Every structure is written in C-alpha cells, then in structure tokens.
Amino acid sequence: MHPIYQLRQAIIPLVQDQFGHVFTEEDIPLTPTRKEFTGDYTLVTFPLTRAAKMSPDQIAVVLGDALVAEAGNVVAGYNVIKGFLNIEIQTAMWLSYLEAQSRETLPAFPRLDERVLVEYASPNTNKPLHLGHIRNILLGWSMSQILDRVGYDVTKVQVVNDRGIAICKSMLAWQKFGKGITPASGGIKGDHLVGDFYVRFEEAFKEEYAAWQTTKTAENMWRSVQESADPEKKPVSRDGFFKNYKNTYFNEASELGAEAREMLLKWEGNDPEVRTLWTTMNEWVYAGFQETYDALGVTFDKSYYESQTYLLGRAIVDKGLAMKAFYREDDGSVWIDLTDVGLDKKILLRSDGTSVYMTQDLGTAQDRYSDFKASRMVYVVADEQNYHFQVLFAILKKLKAAYADGLVHLSYGMVELPTGRMKSREGTVVDADDLIAEVIREAREGAEERGESEEIPAEERNEIYRKVGIAALKYHMIKVNPKRRMIFDPKESVDLQGHTGPYIQNAYVRIQSIFRKAGHPQPNATLSGYPLQAGEKELLLLLSEYPVHIQSAADQYDPSHVANYAYAVAKAYHKFYHEYPVLRAESDLAKEVRLHLSLVTGRILKDAMELLGMEMPDRM
RNA sequence: GGUCCCAUAGCUCAAUGGAUAGAGCAACUGCCUUCUAAGCAGUAGGUUGCAGGUUCGAGCCCUGCUGGGAUCACCA
C-alpha cells in the first residue's frame, strides 16, 4: 500500500478530532516536500486556521505531535517551517512499498465499463502526411493508450477525406500528364505519387491563369475594376486583384477548373471510369499512408471515409426541425440559432437542399454512436477548428444526443517552423516520411560516431537506430502541452541528448545492462532494515507518483504530463546510477534494494514510454 | 469589430492556488582504469508582457491594457 494513502488515513480523523474540520481524500493539502527541506510530504496548514483558531505553526505542531503519537508506524517525525508541516515517513514503510512494487506489474486502474471513441488523423487523399499530421497522430495515439490505461474501453478511428475537388485535381493531372505511371512502375510511394500530381495540377493551372491574365478579356476586366473603384478606398494593384480573383477564375473561366469540376460531377454521378480511377488512386494513397502509420507504430480500429459519410446528417436535420431546435428560412435553407449560448447562427442545409460540413459531422457523430455506443467521443483536431467544435457540440446538446455530455475536442496548436507557418506553395512543408527517415539516420550517425554498438549484429543495430530515432522525434513533439502552438525546429527534433526520448531510453538501457551482469532482483527479498539514502528515497518517491500522472494526463487530455514525468524519472535514475553503485554495492542488502529500485524504474519507464508510443531498446 | 487561445532565462519548454519559479539547448568548468559519458557534477542566465484586484499566500484566479495566433462562409 502506498504510504501516502496511509498518511491520509491517519490525517483525516486527527484533523477532525483536533479541529473539527473534515478533509476528504482528495482535498487534503498534501504535497511532496521540496528538496531543500527534510521530509517526504508536506501538509499546508493555512486552510485550517479558521477551523482551528490557531496560527499555522501551532496547527502544524499539534498535528505533527498527534501523528507521531497515534500513527507512529507510518510517521517517523516532522518539522515545521513557516506553517508548513513536513512529515517524514517511516523508512520501513518505503521499503515494504518497494518490495510490493517490484512484485506487482504495473499500476492497476479499475475497468470503468465505459467506451470512449478517439478520432485522430484526418488525412486528405491528395497529399502525403506532414508534420502537422504527425502531431495529431502522436497525440491521438498516446491519448488512446492513456485512456485505455485508466480504465476506458477505447476505440480508435480515423476519418479519411477521400472525395472532393482536391482528389479530382490529382486524378485529372494524372490523366493528362501521368502516362500511366503507377507507384510500382515509378518506384514512388503511392501517397507521394498522388500528391505530386496534385502539385502538377496546381502548376498547370497557374500557367493557364498567367497566360489568361495577358488576354484582352482579363485586360478589360482589370480596366472596368479600376473605373468602378471607390476613390475613397485604397487602390488595388493589378497583381493583388488577380490574386484575389484566382478562385473565381477557377470556378468560372478556367478550362482546367471546368474539367476538374466536371470530374467531380461525374464522380457524384457514379461515372464508372472516374470511379475506377478514383478507387485506384486512393488505394495507392492508402498503401502509402499505411507505411507511414507503420513507421509511427499506430493503428486504427476503424476508418471512416468521407465518400460514405458526406451525405449523412439529413435525418438529423429533420429531427432538429421536428424538435424546433432548427428553423427554415424563406429560401428553404435550414439554420440553428445558438446566440443563447454565446455562439452565432449556423446554416445546416443550403437553400438548394445540399448539406454543409457541419451537417456531415452531425451525421457522422450519430453514425459512430450507433456503431460503438461510446459515451464519450474525443476529437483530436487542430485548434483552427475550435469554433466548429463548439458549435457542433452545442447543436448535439440541443438535440439532446445521448453522448452530448461526453464530447471532447482535444485541440492542439498548429505546428510551425522557425521560419513561420508551413506553406505548401513555398515548399516549406515538412514531409512525414522524410522526417522519419532523417531522425533514424541521425540516430545511426550519432551511434556510429560513438562507435559503441559495433559488436551488436547489424540487424539488431538497425532496430535500435529505428527505436532511438523515432523516440527522439516523438518525444520532441509529445512533451509539449497540446494546446500550445508549437515551433518545430528540425534540428532539435533529432537531438539525442538532454530532455529527449533517447535520454529516457538510455536510463532504461543502463538498467538492462545491470541486469545482464547482476541478474534480476530476488522476487521475495526482504529489504527491511536498510537505511535508505537521500538519492535512493528521492527516486522511490518519484516512482510512487506514477499513477497520479497517468490519471492527470487522462483527466486533462494531455499526454505531455506522462512525457515530462518519464523524463523526471530518467533524470532521477541517472543521478542515482552515478551516486550509488549497484554491482559493487557496499552490502548485499544495499545491492538488493538498488536492484529493486532499478527494476521498478525500468518497468515504469518502459510503460510510460509505451503509453506515448515509444519503444525501449535493451541496448543502445 | 465579436469570440477563443497564447505570452515564463538568449532559444525550446516545465511548474494540483503553497515555501527561494525549474529543465533542456546554446556558453563556460570539471568527471570515463570503476554497472553504457546518448551520462553526472558545477558556473552563468528571471521585475513570469504591462497595470490593478481577490487571497494568509498568485506564473496560475478576476478586470483592464499591450503584443502574437486562430476563428467568425449557403468552404472543407
């Protein structure tokens, strides 16, 4: 049993008897004692001053004395500094806690018999995955692992945006310029091939548009704009005008635009030829995505495809109208008024009867609920869609959906480069596959420079480089609070030293190395009587906090809590490792205690990293 | 303009309303004949954007301001 649990059990009745104040387990103001003071836990006495009618110091002394007298098996002693009651736990408690921990496997959370669905990664099929997707994927994956660990049944889903004008552009460019190339014939990963044709389309369109701007039609248009310009307003430059006009041109005058839109219409009309091409190219993309997912070590329980869900939501519109939650305008469009909850009015059905993105999401939510009966749904989506999810959740609440109270938008900040936002037009998008290859290469070069792994067989060595490189990348992204906008410096993401994934792996590797030489600790060893030293106790106290950090990561939907905790443990272990010899410990008992500490540390590090999607090598 | 998010060391980030705000990187100094130096120890670096307020106690909560970002489509 965790000493802090017993301490709480001792404190509650004492505080009630002495001061008539009732603490619950959760609101006892008990924190780990800061390093510069002696003690294990600190009770803050200020909240008791009113009930006790005493000064904080007096309260601390009264409680300290009572704890020593009545819970002497738990509390060894105390000191009081400025109203803070620093409590020292009996060493025997810590040793038996360590014994128990090394026998158990991992922190056990009761199963909750509640399903939570996590949506993460919503790629478009016209482009390969990039840095932003990586953040999304890592957050979603680790959040799923963490929710599973604290007791939920987790279902992981992705939404694939596989339809629309964008994929038609790729298809059209492939028809025009592809000469029948396939991923196999061109030796190109499928998602990259399709992405290349998307770029190819944009280039061709840009050329067409530039040529058109020199025509008489364009010239006349520009002239009439100038003539009708409001003299009060700042004049628009010719370039500026045509930049703004680009979309209109695409929709109204462009030949390529017309062809792409025609393709989209054919797609919607189930034209066999277009559908076949669409299926073929999307399959290429999925094979490519799968490679990237494999490299990142993530899986999904189910994929939803926009082509199958984009018409959903009509039934909900009818229901909303029947419930009078929605209303119909004279032109036939359907709206919801959310001004009463501080939002705006939102359209749900256009006047021509077609639906919008929001309607589709309403339908998809309902669809998923009938698929999985999840009481909670977590959407891992970038913060540019905060408003969208506010509205979506508010609508579902108005519709009294059964799952309305369990909706969470795990909103994460956009990933930017030191040079600013990623712009596909400027070629500054960091490709996921390139980045993965780069971090693994960096891990290899780092190891070869050190020249320590030469005796390891090549195959195992490559596996180590992969684990180390991927951990460097993943840890770099997952250690920061999700809602924070992230500046991603590629140079730093391949760092292998300091506050990094490999640093944590290294602590684990040191532990495994000790076990290879000294064997594992005795499962039923008795550790009592050992005088725990400061650095040993510091490590043990930190280890004992693990479940708290998993729980807070789950409660706050923030895996970075686990990441930062794992770093703290690794740091404490590195320090311990340097300070206290294990193989050459001063006594058998000391050696046994340190082996136990190492065992529990290794287990927690490995588990924490697994929750974050990182693998541990045994050697590096 | 409305709404939401962010602002902490030169840079990237931590810090359940609790004590003297911590790490890493970069810089400098030590430590490999000793369990893996991807490590350890140390030096230096701060008016937590500004001004008020609440509190025994504020980086954290409230108000106002400044700066940055997102969003407010019959787009997705």
Side-chain angles (χ1 to χ4, degrees), chain A residues 26 29 31 33-34 36-37 42 44-47 49-50 55-56 81-84 86 122 124 161 164-166 247 306 310 329 331-335 342-344 346-352 354-358 360-361 382-388 390-391 411 413-414 416 418 421 443 446-447 449-450 452-453 468 472 476 479-481 483-489 491-492 495-507 509-518 548 552 555-556 560-561 564 567-568 570-571 573-575 577-585 594 598 619-620:
Chain A
E26 291 74 39
T31 58
T33 301
R34 293 178 63 110
E36 60 265 38
F37 304 103
T42 296
V44 185
T45 58
F46 288 96
T49 47
R50 185 165 304 171
S55 75
I81 297 170
K82 293 198 295 185
F84 293 89
N86 300 318
S122 35
N124 299 326
N161 300 115
I165 193 73
N247 257 334
E306 200 200 356
Y310 80 110
E329 283 286 350
D331 62 4
S333 57
V334 175
W335 296 73
L343 302 168
D344 298 314
K346 182 75 194 173
I347 192 159
L348 296 167
L349 221 50
R350 298 189 186 99
S351 50
D352 65 4
T354 57
S355 59
V356 293
Y357 186 51
M358 186 64 73
Q360 181 184 324
D361 264 8
D383 63 7
E384 59 187 351
Q385 296 203 37
N386 282 355
Y387 182 73
H388 173 77
Q390 271 185 32
V391 172
S411 164
M414 307 287 280
E416 293 179 17
R421 283 187 80 158
E449 231 169 74
R450 231 167 283 114
E452 279 168 1
S453 48
V468 171
H476 183 70
K479 74 177 175 187
V480 333
N481 179 337
K483 72 181 174 191
R484 224 185 157 98
R485 196 155 46 103
M486 187 166 109
I487 311 231
F488 183 91
D489 188 339
K491 282 204 301 288
E492 287 173 10
D495 276 351
L496 308 172
Q497 285 156 18
H499 189 183
T500 66
Y503 175 94
I504 298 167
Q505 290 175 319
N506 185 233
V509 160
R510 284 178 145 180
I511 291 167
Q512 302 318 305
S513 175
I514 287 175
F515 289 156
R516 276 196 297 275
K517 294 188 169 137
V548 175
S552 85
D555 293 346
Q556 294 176 48
S560 73
H561 289 209
N564 286 307
Y567 173 71
K571 192 175 166 60
Y573 189 81
H574 277 306
K575 185 186 166 90
Y577 178 90
H578 184 261
E579 250 174 281
Y580 306 99
V582 179
L583 301 185
R584 269 172 281 274
R594 289 171 197 166
S598 300
R619 296 192 275 183
M620 64 193 285

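A quick note: this is a predicted structure, and the numbers were derived from the prediction, not measured.
For N86(A) against A19(B), a side-chain-to-base donor-acceptor contact under 3.5 Å is present. Residue-to-nucleotide contacts include a donor-acceptor pair under 3.5 Å from the side chain of T42(A) to the base of A19(B).
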List every contact pair, protein side and nucleotides 32-34 of chain B side both N or O, where the distance is under 3.5 Å.
from: U34(B); atom 1: O2'; to: R584(A); atom 2: NE; distance (Å): 3.4
from: U34(B); atom 1: O2'; to: R584(A); atom 2: NH2; distance (Å): 2.9

Could you write out each protein N or O paired with an N or O of nucleotides 40-44 of chain B at a distance under 3.5 Å?
from: C40(B); atom 1: OP1; to: Y503(A); atom 2: OH; distance (Å): 2.5
from: C40(B); atom 1: O2'; to: H578(A); atom 2: ND1; distance (Å): 2.8
from: A41(B); atom 1: OP1; to: K575(A); atom 2: NZ; distance (Å): 3.4

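By the criterion of a centre-to-centre distance under 5.5 Å and near-parallel planes under 30°, the ring of Y567(A) forms no stack with the base of A23(B). Here F46(A) does not lie in a stacked arrangement on the base of G57(B), lacking the combination of planes under 30° and ring centres under 5.5 Å apart.
Within the 4.5 Å cutoff, side-chain heavy atoms of I81(A) are placed close to those of F37(A).
Between R484(A) and C6(B), a side-chain N or O to OP1/OP2 separation shorter than 4.0 Å is absent. The shortest distance between the side-chain N/O atoms of R594(A) and the OP1/OP2 oxygens of C35(B) is not below 4.0 Å.
With sequence neighbours excluded, the residues that form a salt bridge (charged side-chain N to carboxylate O under 4.0 Å, His left out) with R485(A) are E416(A). Applying the salt bridge (charged side-chain N to carboxylate O under 4.0 Å, His left out) criterion to E26(A), with sequence neighbours excluded, gives no partner residue.
Taking for each of E492(A) and D495(A) the nucleotide of RNA chain B with the nearest heavy atom, the 5'-most of the two is the partner of E492(A).
Rounded to whole angstrom, the span from the NE2 atom of H499(A) across to the P atom of G39(B) amounts to 12 Å. Distance R34(A) CZ to A21(B) P: 7 Å, rounded to the nearest Å. Between the CD1 atom of I487(A) and the C1' atom of G10(B) there is a distance of 15 Å, rounded to whole Å. Distance NZ (K483(A)) to P (C13(B)): 15 Å, rounded to an integer number of Å.
The number of heavy atoms from other shown groups lying within 6.0 Å of CG (N247(A)) does not exceed 12.
Looking at heavy-atom distances under 4.0 Å, T31(A) makes contact with a base.
Against the 90° criterion about 0, the sugar-base torsion of C13(B) places it in the anti range.
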Query raised in the report: Once each nucleotide of nucleotides 66-76 of chain B is scored for protein heavy atoms under 4.0 Å, what B/S/- sequence comes out, 5' to 3'?
Result: --SSSSS-BSB
Query raised in the report: RNA chain B in dot-bracket, Watson-Crick or G-U pairs under 3.5 Å, [ ] crossing, | other strand?
Result: (((((((..((((....[...)))).(((((.......))))).....(((((..]....))))))))))))....
